[in-house]
2 protein chains.
Amino acid sequence: MLNLMTKQTTMCENQAIHPDAVAAAMDTLVTNDLAQNVARTFQALADPTRVRLLTSLLTVELCVCDMAYMLGTSQSAVSHQLRVLRDLKLVRARRSGRVIYYTLDDDHIRDLLQKALDHVQH
Amino acid sequence: MLNLMTKQTTMCENQAIHPDAVAAAMDTLVTNDLAQNVARTFQALADPTRVRLLTSLLTVELCVCDMAYMLGTSQSAVSHQLRVLRDLKLVRARRSGRVIYYTLDDDHIRDLLQKALDHVQH
DNA sequence: TGAATATATGAATATATATTCATATATTAT
DNA sequence: ATAATATATGAATATATATTCATATATTCA
C-alpha cells in the first residue's frame, strides 16, 4: 500500500495539547503589535554601549562629550546610540548653548536597569 | 603658515566638559563585562515572538506545542526561541514523558515585562 | 522491536544593527 | 563674516540573529 503523504514528524502546530492552559494563557498573551513595541524597547536596552550610557545617567546629567570621554568611544558612536535611546524615550535631551545634556527619561528606565542587574547578578 | 594637521572637528573625545558630573557618573557606570551581561538579557527580551512566548507564560505553564499553536508559528521556531530564553535563564523547562513544560524562571521576568509594558503604554 | 510523537538543533539565508568615516548643522567667540 | 566647537546624521561595512528546512534525539505505545 502506498503512502503519498510525506512523513509527518510534528503534528503539534495544528492542535494544542493542553486546551485549558492555552485558554488561560490567552488572557495574558499580548497582541503582535504590543509585543513589537515592547520588543523595540528591550532592543534599545540590548547593547553594552547603551547600557553603559544609561547607567552613567542614573544620578547625573551628562553631555555627549562627557559620555564619549567616559566610555572611550567616538562622539559619533555615542550620538548614534543616543538617538536610539531618544527615539524609544529612554533618555531626554535639553540644549544649553552648543552643549546638549542628557538625562534618563523617567523612573521606569531606572527600574528596568535595576531589575536586569539583579537578574544577571543572581 | 602651514597646518599639517587635518582639520579637527571634535575635541571632546579627549576631555570631559564637566569633570564633576563625570566623577559622579563613574559611581554608577557599570563595567563593560556587566554591561554585556545586562545587554544579553535585554537582547533575549528584544524579539516580538519571545515577548509573546513570555507573556503567554505569565500565569500558566505550557508545552512547546501549546505555544506553537497559540502563536501560529512553527515548532522549530518556537524551540529555537525557547533555547534563547533558557540560556538567559528567563524560562525553565521540566520534562514529563515526551512533553516539556515551560514556566517563567522567576519574578524578575514578570517585573521586567510589566515595566516595559508600562513604558510603551505611557 | 518498530512506529509515532514531542522536542531540539545544525546549516543556510535573509534581515537588522553597531561602528566608522565623512560631512552637515547649530551655537559661540573673535 | 570666519573660525572653532558640540552634536547629528547618511552611507558603507561588518557582525549578529530570526526563520526555515532537514534531521536528530527522546519517550511512549503497540
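Lettering follows sequence order; numbering is per chain, from 1.
Per the geometry, CD1 belonging to A/I17 stands 13 Å off C1' belonging to D/dT27, to the nearest Å. The nearest whole Å value for the distance from the CE atom in A/M67 to the P atom in C/dT19 is 14 Å. Here D/dT7 presents its C1' atom at 15 Å from CG of A/L62, a figure rounded to the nearest Å. Summarising the geometry, the separation between CZ on B/R94 and P on C/dA8 is reported as 14 Å, rounded to the nearest angstrom. For the pair A/D47 CG and C/dT17 P, the interatomic distance rounds to 11 Å; values are reported in whole Å. Here the C1' atom of nucleotide D/dA16 and the CD atom of A/Q43 are 10 Å apart, to the nearest Å. When rounded to the nearest whole Å, the span between CD1 of B/I100 and C1' of C/dT9 equals 13 Å. Atom pair A/R86:CZ and D/dT9:C1' shows a separation of 10 Å (rounding to whole Å applied).
For the pair A/A44 and A/L85, the tightest heavy-atom approach, listed with the atom from each and the gap, is O-CD2, 3.7 Å. Residues A/T59 and B/A24 share a closest heavy-atom pair of OG1-O, 4.4 Å. The shortest heavy-atom contact between B/R52 and A/T31 is NE-C, 3.9 Å. Here the shortest heavy-atom pairing between A/R92 and A/D105 reads NH2-O, 3.4 Å. In plain terms, the two heavy atoms of A/A35 and B/P48 that are nearest each other are CB-O, 3.7 Å. Residues B/T55 and A/L29 come closest through the heavy atom pair OG1-CA, 3.6 Å.
Looking at A/R110 and A/D107, a side-chain N of the basic residue comes within less than 4.0 Å of a carboxylate O on the acidic one, giving a salt bridge.
Among the atoms of the strands shown, none is found under 4.0 Å from any heavy atom of B/Y101.
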Anything under 3.5 Å between a protein N or O and an N or O of nucleotides 27-30 of chain C, put it in a table, one pair a line.
none

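Nearest-nucleotide mapping onto DNA chain C: of A/V84 and B/C63, the residue sitting toward the 5' end is B/C63. Mapping B/V99 and A/R50 onto DNA chain C via the closest heavy atom, the residue that lands nearer the 5' end is B/V99.
Distances were taken from every side-chain heavy atom of A/V64 (C-beta onward) to each of D/dT7, C/dA6, D/dA18; the shortest belongs to D/dT7.
With pairs defined as Watson-Crick or G-U wobble and both atom distances under 3.5 Å, the stems of at least three pairs that touch DNA chain D come out as C:1-30 with D:1-30.
In this structure, A/T73 and A/Q81 have side chains that are not in contact, with every pair of non-hydrogen atoms separated by 4.5 Å or more.
Taking only side-chain nitrogens and oxygens, B/Y102 comes nearer than 4.0 Å to OP1 or OP2 of C/dA8.
For residues 73-81 of chain A, proximity to DNA chain D is found at A/Q75, A/S76, A/S79, A/H80, defined as any non-hydrogen atom under 4.0 angstrom from a strand atom.
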**Request:** Apply side-chain hydrogen bond (donor to acceptor under 3.5 Å, both in side chains) to the pair A/Q36 and A/N32, showing each step before the final yes or no.
**Result:** CA-CA 6 Å; A/Q36 284 211 19; A/N32 232 313; 4.5 Å; no
**Intermediate values then yes/no, side-chain contact (heavy atoms from CB on, under 4.5 Å), B/L90 and B/R50** = CA-CA 10 Å; B/L90 301 182; B/R50 288 196 292 267; over 6 Å; no
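A donor-acceptor pair is defined here as one N or O able to donate and one able to accept, closer than 3.5 Å; such a pair exists between the side chain of A/D66 and the backbone of B/I17. Within the 3.5 Å criterion, the main-chain N or O of A/K89 finds a donor-acceptor partner in the side chain of B/H119.
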